[in-house]
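A short write-up of the structure that comes next.
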Amino acid sequence: MNHYSSESNSEVANKMKCLVILVALVAFSECLVRMPLIKGKTARQTLQEKGLWEEYRKKFPYNPMVKFTQYGTEPMTNDADMSYYGVISIGTPPQSFSVIFDSGSSNLWVPSVYCSSSQACQNHNKFNPQQSSSFQWNGESLSIQYGTGSMTGYLGADTVGVGGVSVANQVFGLSQTEAPFMAHMQADGILGLAFQSIASDNVVPVFNNMVSQGLVSQPMFSVYLSSNSAQGSEVVFGGVDSNHYTGQIAWIPLTSATYWQIKMDSVSINGQTVACSGGCQAIIDTGTSLIVGPTSDISNINSWVGASTDQYGDASVNCQNIQSMPEVTFTLNGNAFTIPATAYVSQSYYGCNTGFGQGGSDQLWILGDVFIRQYYAVFDTQGPYIGLAKSA
């Protein structure tokens, strides 16, 4: 009997590819799967150009903590500043979708042809299971809670193409309804990179299947986010790319293998603790654009850097002052990670804002893209550890 009879041809081919590379003892003997990310226009930019931003942010107030408090359901928030996405495929023949690679959630979902009444499904790619010969219904429903509504849909299984490899029998969500704010986002859906323990319906995440199906040589992935250019950002599945960082990687153990959660010792400016006094918990989240913390702490940081905060929590600064504004240092497990003003202030035609967002009364911190642009992030499921090194 054929040893590989229960596996798909693509699965066998991918395993053989890794095996050949490893046996050949190539200098970089890792089977790295590269997923290029595009830095696109944000919902905020699109809405500002249309003159709709003020109306939008009144209707959909930013609530970054929602995704971390909706236990038992797949989470997401209305983040108007998300800009990185990559293209995956689902089905046979493949149907393409742009997705946010989100280390703060665990499920994969995309819009479907069954989503007809939601505006968000009118201007995004929709999966049609009838056009895929490898699709199978799962028989379960899915509900995703947003800060301003929800996404509902169904679960199915199909072949998912990520960075040139094929993940067989991946369970994913097909949307039936979507929250209105999704209509203004460039990405079609979400691909979660957190742990199965927080997955809706206990679905096995994409990366878990990549590991179990032998598509990567190491159970880790890493994320590089470019600061300015549209190109160059990527998720590397199966290891790290030394071209993306300088110096040593600092390894930090997780305090909880749910999200990628670690201990933060303090936040300081000019050697003085300004937030997270006595320690706190922080999540490394590629699916949040800002650095988010308790409202009182964030207000203190914004005050220290000379920002004024409006009623929606946006903190603006004079663009002329960026060069003289202080660095902000985040100390994680004894390691200092410093963010200069050029990195935490975003400039646009409409002015300059800091990248520090208010998270309400919750004591949890989210170190999002503002942080990850400065520090190459390695997500090691085996430790589990987070690795951080200065981005090259």
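By the 30° and 60° cut-offs, the orientation of the rings of His244 relative to Tyr224 is parallel. Note on ring orientation: taking the six-membered ring where Trp is involved, the planes of Phe195 and Trp260 are tilted (angle from 30° to 60°). Classified by interplanar angle (parallel below 30°, tilted 30° to 60°, perpendicular above 60°), the ring pair Phe135/Phe127 is tilted.
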Handout entry: Trp304 vs Tyr344, ring pair (Phe, Tyr, Trp, His ring centres under 6.0 Å): CA-CA, chis, key distance, verdict
Key = CA-CA 13 Å; Trp304 268 79; Tyr344 67 70; over 10 Å; no
Exercise for the section: Would you sort out whether Val267 and Val328 count as a side chain to side chain contact (heavy atoms under 4.5 Å, CB included), showing the intermediate values? Expected result: CA-CA 7 Å; Val267 182; Val328 180; 3.6 Å; yes
Exercise for the section: Take Val216 and Phe221 through the test side chain to side chain contact (heavy atoms under 4.5 Å, CB included) and record every step on the way to the result. Expected result: CA-CA 9 Å; Val216 290; Phe221 59 91; over 6 Å; no
Practice task
Check the pair Phe371, Thr288 against side chain to side chain contact (heavy atoms under 4.5 Å, CB included), reporting the backbone distance first and the verdict last.
Solution key: CA-CA 10 Å; Phe371 184 88; Thr288 295; over 6 Å; no
Problem - Tyr375 vs Tyr245, side chain to side chain contact (heavy atoms under 4.5 Å, CB included): CA-CA, chis, key distance, verdict - result: CA-CA 8 Å; Tyr375 293 98; Tyr245 68 92; over 6 Å; no
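Closest heavy-atom contact between Leu193 and Phe237: CD2-CE2, 3.8 Å. Heavy-atom minimum distance, Gly173 versus Leu142: CA-CD2, 3.6 Å. Counting all heavy atoms, side chain and backbone alike, Ser175 lies closest to Ser112 at O-OG, 2.5 Å. Scanning both residues, Met325 and Val305, for their nearest heavy atoms gives CE-O, 3.4 Å. Closest approach of Ser217 and Gly238 over heavy atoms only: OG-O, 4.0 Å. Minimum heavy-atom separation, Ser222 to Val240: OG-CA, 3.7 Å.
A side chain to side chain contact (heavy atoms under 4.5 Å, CB included) with Tyr84 is found for one member of Ile38, Leu225, Val235 and no other, namely Leu225.
Taking CG of Asn125 as the reference point, atom CG of Asp188 lies at 4.5 Å (rounded to 0.5 Å). Annotation: the span from Asp158 atom CG to Thr92 atom OG1 amounts to 5.5 Å, rounded to 0.5 Å.
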N/O donor to acceptor pairs below 3.5 angstrom from side-chain atoms of residues 383-390, sequence neighbours left out:
from: Lys390; atom 1: NZ; to: Gln374; atom 2: OE1; distance (Å): 3.2

